[in-house]
Amino acid sequence: MNSLQATHLSLVFPARNLPRVFELDRGYRFACRVKSPKVSSCLVSDAQQKVEASLELASRESKEVMEMERNVFVGTYARAPVVIKSGRGCKLYDVDGKEYLDMTAGIAVNSLGHGDQDWLNAVVEQANTLTHVSNVYYSIPQVTLGKRLVESSFADRVFFTNSGTEANEAAIKFARKFQRFSHPDKKLPATEFIAFTNSFHGRTMGALALTSKEQYRLPFEPVMPGVTFIEYGNSEEAKKAIQPGKIAAVFVEPIQGEGGIYSATKDFLQALRTACDEAGALLVFDEVQCGLGRTGHLWAHEAFGVMPDMMTLAKPLAGGLPIGVVLTTERVAAAISSGDHGSTFAGGPLVCHAALAVLNKIQEPSFLASVTRKGLYLKELLLKKLEGSPHVKEIRGFGLIVGIELDVQASPLVDACRDAGLLVLTAGKGNVVRLVPPLVVSKEELEQAAEVLSACLPSLDGNTSNK
């Protein structure tokens, strides 16, 4: 077994009974309440949950905020019954002053934690200088960030957007324009796409078409036609589907986040690379969640030694401010002309200056090495603390993107952890606990998270549903 395979190693445990109250090594004490309102803690969780149960247990101030939100917002979010007021480092605080250890990082966004001083200084400095001018003009932070991203990646060119789904929409357009540009004499150039099971690429109509979950697509069909879904990791099936003159691009996440924390293999990604080259299709890596240091590599695909034609980024780059990026080779960029795509807000001076502060820290080799060490330590802790639970089927992950697969739905455990002061997410079919903490999380905080998870496992007892 090589080192890469060892990093991907999944761990499966036998059964063990656990008490409901734990005394932590460092003096923390908490009680795990196993009954809690069933409220979604993740965008992939069940959306048909009642807010009324949450309101009954909420404080007056929290209740007012939740009731106001319910009265004025479109009901797209099944929010957890917590009103967050402030944050510092890896800790969040609600309006009642309760402290939470944040193992969600705003869904893998706040890689430097909350209130990082260098990031804050960059935001204040740029806000006092120039916030927005649109892409009618040049701005120094945008050009500087673009140059840095190109220098630190496979890419020759960069295009800025405002989110991950926008980045994937741009990549879809670029792929189709590339095929038309490369085959000017063809009346019908390649326009179709390959995506994979358990994939998540966004919620706008093109990115949604590349997302495998039918529950996301069905209410809005017809979405963009011409997408074929292949089993993630099935190289042979993918090679048969990537046909010349038909497939414009293949979209794949090197590590799937929303889909359940599944990692690709080197052989699979290399097979995609070879098949795309032979068919004249483009290979697009979606690193919106797994990129920029989360795996212990600056870019997740670096662990596999396979390079894409385009890569999409977003979540962590600007430290919580909205940004998205398409990085591309010169060959693809040559097909794109002035006016082919654009955005009013994308790549604004404020967001780009903040992103430079984030990149400056995460790009340091010592920082990336610390992510690798902490990721291995987290998995060791989870093996030790969760060993023996009849509900834990597997622990998998890479760096600080880790999933705990259960034999039942994860929401009771997520809710019990929240009651005990730990914030985690779900993933997959709702049966995976997803841990994506700030990359600056300490070993002591990882130990605390493992303790809380262990103590709250009894919340799953009696829950036999895995649907």
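Residues: numbered from 1 along the sequence shown.
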Aromatic Phe200 / basic Lys213 pairing, under 6.0 angstrom, 45° off normal: no
Lys85 atom NZ: more than 12 heavy-atom contacts under 6.0 Å: no
Salt-bridge criterion met for Lys147 and Glu151 (N-O under 4.0 Å): yes
Closest contact, heavy atoms only, Leu283 versus Met307: CD2-O, 4.2 Å
Arg88 vs Asp102, salt bridge (charged side-chain N to carboxylate O under 4.0 Å, His left out): CA-CA, chis, key distance, verdict: CA-CA 10 Å; Arg88 181 63 58 185; Asp102 181 14; over 6 Å; no
Residue pair Lys91 / His114, side-chain heavy-atom distance below 4.5 Å: no
Donor on one side chain, acceptor on other, Asp267 and Thr265, under 3.5 Å: no
Side chain to side chain, Leu130 and Gln126, heavy atoms closer than 4.5 Å: yes
From NZ (Lys239) to CD1 (Ile194), nearest 0.5 Å: 14.0 Å
Centroid-centroid under 6.0 Å between Phe159 and Phe174 rings: yes
Test item: side-chain donor near acceptor, Glu169 and Thr204, under 3.5 Å: yes
Spacing of Arg148 atom CZ and Leu359 atom CG [to the nearest 0.5 Å]: 4.5 Å
Lys/Arg-Asp/Glu bridge criterion (N-O < 4.0 Å) met for Asp156, Arg331: no
Validation row: Ser263, Arg396 side chains within 4.5 angstrom (heavy atoms): no
Sub-4.5 Å side-chain heavy-atom contact between Phe398 and His297: yes
Val284 vs Val250 side-chain heavy atoms within contact, under 4.5 Å: no
Stacked cation flag Arg418 on Tyr100, 6.0 angstrom / 45 deg: no
Non-hydrogen atoms of Gly347 and Ser139 that approach each other most closely: O-OG, 4.3 Å
Option passing side chain to side chain contact (heavy atoms under 4.5 Å, CB included) with Leu423 (candidates Leu92, Val414, Leu101): Leu92
Ser442-Glu445 side chain donor-acceptor pair, cut-off 3.5 Å: yes
Donor-acceptor side-chain pairing of Tyr377 and Glu447 below 3.5 angstrom: yes
Gly296 to Val371 - nearest heavy-atom pair and separation: N-CG1, 3.7 Å
Aromatic centroids of Phe251 and Phe196 separated by under 6.0 Å: no
Which atom of Leu368 lies closest to which atom of Gly293, heavy atoms considered: CD2-CA, 3.6 Å
Candidate pair Glu253 and Asn198, rule side-chain hydrogen bond (donor to acceptor under 3.5 Å, both in side chains), full reasoning: CA-CA 10 Å; Glu253 299 156 273; Asn198 302 312; over 6 Å; no
Gap separating the CZ atom of Arg217 from the OG atom of Ser212, nearest 0.5 angstrom: 7.0 Å
OG-CG distance between Ser343 and Asn162, expressed to the nearest 0.5 angstrom: 4.0 Å
Spacing of CG belonging to Leu317 relative to CG belonging to Leu149, to within rounding of 0.5 Å: 6.0 Å
Ile404 side chain near Leu406 side chain, heavy-atom distance below 4.5 Å: yes
Interatomic distance, Leu382 atom CG to Ser454 atom OG [nearest 0.5 angstrom]: 10.0 Å
Side-chain donor-acceptor contact under 3.5 Å, Thr211 with Ser199: no
Ring centre gap for Phe304 and Phe285 strictly below 6.0 Å: no
Worked check of side-chain hydrogen bond (donor to acceptor under 3.5 Å, both in side chains) between Asp407 and Asn431: CA-CA 7 Å; Asp407 67 346; Asn431 64 324; over 6 Å; no
Enclosure of Phe154 CZ (heavy-atom neighbours >12, cutoff 6.0 Å): yes
Smallest separation among heavy atoms of Ala105 and Arg294, with atom names: CB-NH2, 4.3 Å
Heavy-atom side-chain contact between Val227 and Met224 under 4.5 Å: yes
Heavy-atom side-chain contact between Val436 and Gln289 under 4.5 Å: yes
Closest heavy-atom pair and its distance - Arg203, Thr165: N-OG1, 3.3 Å
